[in-house]
Engineer: 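The following block contains the structure, expressed as structure tokens.
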Amino acid sequence: MMKTNKLFITAFAVMAGTSAAFAGTDDTTGISGQGISDIVYGLLMGALIFLMLLLLLWLYRLSVKLRLETNDNKADHKRRMQQQVSALDRTDLSHILTHSASLRKRTGNNAGIVTAMIFMSLLAAPAKAEAGPAPDLLLKSPGMIITVTLILLPLMVAIWYTGIKVSRLISRIQFRRIRNETDDLISAAGTDPDFYHLLLERKASLDFKLSDEELGSNVSPADRKGLLHNVAEVDSPRFLAAKRKASVPHDLDKSLVRAILWFLGSATAWLVLGTSVGEYLGIKFVAPDADHVSWLSFGRLRPVHTNMVFWGWSSLAMLGLGYYVVPRVSNTVIFSIRLAYWSLILVNSAVLCGSLTLMAGINNGGGEYREYIWPVMALFALGILLTLYNYYRTIGSRKTTEIYISNWYIVAAMMFVTVIALVGYLPQWQNGLGETIVQGYYMHQAVGMWFMLFNLGLIYYFLPQQLNTPIYSYSLGILAFWAQILFYTLIGTHHFLFSSIPWWLQTVAIVGSVGMLIPVFAGTTNFLMTMKGNFHKISRSYTLPFYLVGVIFYFTGSMQGTAEAFRETNLAWHFTDFTTAHSHITMYGIIAFMLWAFIYTLVPRLTGKEPGQHWVGAHFWLALVGLLFYTVPLMIGGTLRGIAWQSGKPFIDSVVLMAPYWLWRAIGGSLMWLSHLVFCWNMYTMTLRRSENEIRKEVMDALGNNHMISNPV
Amino acid sequence: MDLYSNHKKLYMAALGFFLVLTLFVAIIPALSNQQANAVLPGSRPLNALEKEGKAVFIAEGCVACHTQQVRNLDMDKNWGSRPSIAADYAGITRTDVWRNTATLMGSERTGPDLTNIGNRQPAEDWHLLHLYNPRLVVGTSVMPSYEWLFESKEYADTEDKVLNIPGAEKDGRKVVASRKAMALVAYLQSLKQLKLPDGRPVPVFLYSKDAGKVTAAVLALKKQTAFDGEALYTSNCSSCHQPNGQGIPGAFPSLKGSAIVLDTDPLVQVTIIMKGYDGRAGEGYGAMPAVGTNNNLKPEEVAAIVNHERSSWGNQSKQVTAEEVKKIISSLK
């Protein structure tokens, strides 16, 4: 052991010496051709030494084994005999029992000599290794490297050869030992009657077999208590694991169900439409001459895409899900379904009018997500206000004392988005840079105080519900709530770092962005700890993967936002497609994935109809892989573009540089878009499509009627 | 706690908290900013045509890809002679009853910044061709074509602006700029950064290479491109004269085999770069702006461009030194 340790130390010293030498060259000359070849040499040397160490270790273990084999003491002879008997199977036993005698005895071996030989070589090896590579600067020179390699190579061959010899010797000794032991066993069986009986008993026990009738005999199975439903045998091998079905449908007011489905249905329509627009925009980066139609030009369609997925898809889906959660956690019924429909109509018409006006070239003047002109946005705000009032009255008539945390988040989001729309659209503070300051506030609050806050509210209900476990910590939820309001409100202007808005305001935004770590850590901890111990459920559920991805992106996406907000990182990333990647990680990775999770959880419970699990799987993987194909290349390309700008290269070069990354974006976008078509199909399966159960029920109902008519009682 | 079981108190507390924060980070800064800043002396409001052009700029959503802000960063130096300040935007007010104020600062820079485009590229012909199809003048551009701002006519009226499109002569129809296109170009030409009045401190560009804050890799790249004639040509000249130096027939003259470029005395060549040129209007070529002066090119940079032009595309002429160029430039003043 001492020898090996010493060897290790020598080798490490050598490696440290080499790397230090390389580090030295890097500092002075940078990554030059010489530096690269140095690194290659270093890696080669490291690999050689590592291989050498492995060989020595192997040899050492062989020698230990050899020593064990040769130290064959007879003290625990009896125990070994017992061990052997228990290891033998039926045929071995009958062989031994039939053999009576004829024992051969062999003694002596040459193990001692071999051991001595190995230890000799072990002693010799470190001596040679130490003589060769010394940790000094000379090591850099190619001559020295070649010399060391020349010494090491034959040494390694020698060790390898010795190792082979030793392992052959070991197997020979092993064979001899086992044969001796078997001979001992046979002779013992011949001479010792007790032992012979023991073997006979053992043979009898091994011969034991079940009659195959112990448990059920030959009675065929029956379900006398009516516990089994829809029994179906699967004879073919299962390529994909079956996921759990949703439980029985909730007994919910049919008119509320219809209203919720209207919300979710129109959200789905906007999703498909809005991302079709987005997909086309992505293609335009690759093929800018795809069309020359004014209504379809990039500048006009871009806000159509963003606003449609914001106010159409995400907002409507959230409102619809809210109509389920708010009364549910208040243990009461919704205040007014009529108001819900008004709200639905208003928001839908806002998105429709907004999209058409944008395509016609009528917009508010350029602030992102603030492109709808005020009359259109007023429709949206009115729709939100109606639902806010509806939720508020519902919570006012709640049957629980406390207000469940979901309702904090949801109602707060509803109130805040109204304030945000007012601040963003009232004209009093919009002149000059006032517009920009408000824009920073508006665009970020719309994301963080509307979508994120509302979704957090929903997940505080749906995640524990799906896992069938309480939320990990209510207090963390409360902490996250207040911390989110405090920090998120401050961070808007980090979209305008280094612009002409006041420097102190930019700094406040950066500080707020760092502060966001608190609610994000609190939220992520809460969700992951709620999942803890339930991770096995994920593989058996088609909804939980969506939750998991949503939570993971909640953490990474928010962290990324904080990382982007610093002045130093802003240098490389601001104005580039890195921002686009970030917005998709958050609005898609967090918001859309969470919304799908909730929809797949809720809708089967409302309608009693489930989507095909393979279709849900297809949706999940297309969306996830598409998102990664979309965002990762854009982040890489965005960073390279920022660096190119900093280096002062011609701007057009940075456009050319982006081409492959834009192509990847189009590919990823296409996968995402496909996943939405699948989702649309799933929505259809869950709602409108007539299931077999429904048809059977109709047939049965008809039968019942006929029966009544033909047999008047 | 009562707060957590009384919905009125809870929601009022959350709303109040949010409103107070909103007041301090959005409303008060916005109000104080619009009161504290006035327009710079020497700035003029947009005229009717430019205003129309700005409306086109807004309607077409140009802000999706083009910023109008020079940040106080060294990397933004190409876009203006100084960082933008609040006063640059102070004159911008609400567009009309339906539309909000449009400072058009933007948040993506897929295309170049336009703060100073009126100085950087004042040529009307270039803008019109570029709007009609950007790839006519910048081959690798991904900007959309704004074909619908142009009309195709059998005969052009005298006041019509006809586009000189290479290869479009065959069918005999003329491409004529509509009023909207002319307005948009007028607006773009009006985008010029104003000099700050004397005595007013000029904000500095941060994170310059002298500050030693950029990474080694960036520095290495800078070393390569500092006076790289080809890169400077790409940034300043090639959108008209094209990367192959052959220009666009009928619109921008060729530099390949040009007598001015091949002249062993660089006087005329440097003068044109610094002062602009309008000598070939008779052949249909537009006027060249004073690129060197507008873009604040240093004598070393001008020399690099001159030498690139003199040694590319088959041109072989005497190379010039920065000293010679410096002498010519000082004689021009």
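Order of the sequence lines fixes the chain letters, A, B, ..., with proteins taken first and strands second; residue numbering starts at 1 for each chain. What you see is a predicted model; the values in this text were computed from it and never measured. Keep in mind that the numbers below use all heavy atoms, side chains included, and drop hydrogens, waters and symmetry copies.
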Engineer: Passes ring-ring contact (aromatic ring centres under 6.0 Å, His included), B:Tyr11 versus A:Trp408? Steps please.
Structural biologist: CA-CA 8 Å; B:Tyr11 294 140; A:Trp408 296 30; 8.3 Å; no
Engineer: Is it the backbone or the side chain of B:Ser107 that comes under 4.5 Å from a heavy atom of chain A, or both, or neither?
Structural biologist: both
Engineer: Which atoms of B:Val20 come close to chain A, meaning under 4.5 Å heavy atom to heavy atom: side chain ones, backbone ones, both, or neither?
Structural biologist: neither
Engineer: Taking C-beta and beyond as the side chain, do B:Gln34 and A:Leu433 meet within less than 4.5 Å on heavy atoms?
Structural biologist: no
Engineer: Go through the atoms of A:Tyr442 and report whether side chain, backbone, both or neither lie under 4.5 Å from a heavy atom of chain B.
Structural biologist: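 Neither part, no heavy atoms under 4.5 Å.
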Engineer: Just so I know, are the side chains of B:Trp98 and A:Pro375 near enough to count as touching, which here means a heavy-atom distance under 4.5 Å?
Structural biologist: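 A side-chain contact exists here, since the closest heavy-atom pair is under 4.5 Å.
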Engineer: With sequence neighbours excluded, what pairs up with A:His574 under the side chain to side chain contact (heavy atoms under 4.5 Å, CB included) test?
Structural biologist: A:Asn570, B:Arg71
Engineer: Work out which heavy atom in B:Thr103 is nearest to a heavy atom in A:Glu435; give both atom names and the distance.
Structural biologist: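 So the two residues come closest at OG1-OE1, 2.6 Å.
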Engineer: Would you say the side chain of B:Glu108 lies within less than 4.5 Å of the side chain of A:Thr580, judging by non-hydrogen atoms?
Structural biologist: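 Side-chain contact under 4.5 Å: yes.
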Engineer: Take B:Gln69 and A:Phe575, measure what side-chain contact (heavy atoms from CB on, under 4.5 Å) needs, and give me the verdict at the end.
Structural biologist: CA-CA 11 Å; B:Gln69 47 172 319; A:Phe575 290 149; 3.4 Å; yes
Engineer: Listed by chain and number, what are the salt bridge (charged side-chain N to carboxylate O under 4.0 Å, His left out) partners of A:Lys284, not counting sequence neighbours?
Structural biologist: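 Partners of A:Lys284 by the salt bridge (charged side-chain N to carboxylate O under 4.0 Å, His left out) criterion, ordered by chain and then number, come out as A:Asp291.
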Engineer: Among all residues two or more places apart in sequence or in another chain, which pass the salt bridge (charged side-chain N to carboxylate O under 4.0 Å, His left out) test with A:Arg641?
Structural biologist: none
Engineer: Please determine, among B:Asn72, B:Thr234, B:Val39, B:Ile92, the option with the most heavy-atom pairs under 4.5 Å with chain A.
Structural biologist: B:Asn72
Engineer: If you take all heavy atoms of B:Arg99 and A:Gly361, which pair is closest and at what distance?
Structural biologist: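 For B:Arg99 versus A:Gly361, the nearest heavy atoms are NH1-O, 4.1 Å.
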Engineer: Taking side chain as everything from C-beta outward and backbone as N, CA, C, O, which of these in A:Tyr488 sits under 4.5 Å from a heavy atom of chain B? Side chain, backbone, both or neither.
Structural biologist: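 Looking at A:Tyr488, nothing touches chain B.
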Engineer: Please classify the contact of B:Pro112 with chain A as side chain, backbone, both or neither, using a heavy-atom distance under 4.5 Å.
Structural biologist: both
Engineer: Do B:Thr110 and A:Phe298 touch side chain to side chain, with heavy atoms closer than 4.5 Å?
Structural biologist: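 Contact flag for B:Thr110/A:Phe298 side chains = no.
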Engineer: Can you check whether anything in residues 497-504 of chain A gets within less than 4.5 Å of chain B, heavy-atom wise, and list it by number?
Structural biologist: A:Leu497, A:Phe498, A:Ser499, A:Ser500, A:Pro502, A:Trp503, A:Trp504
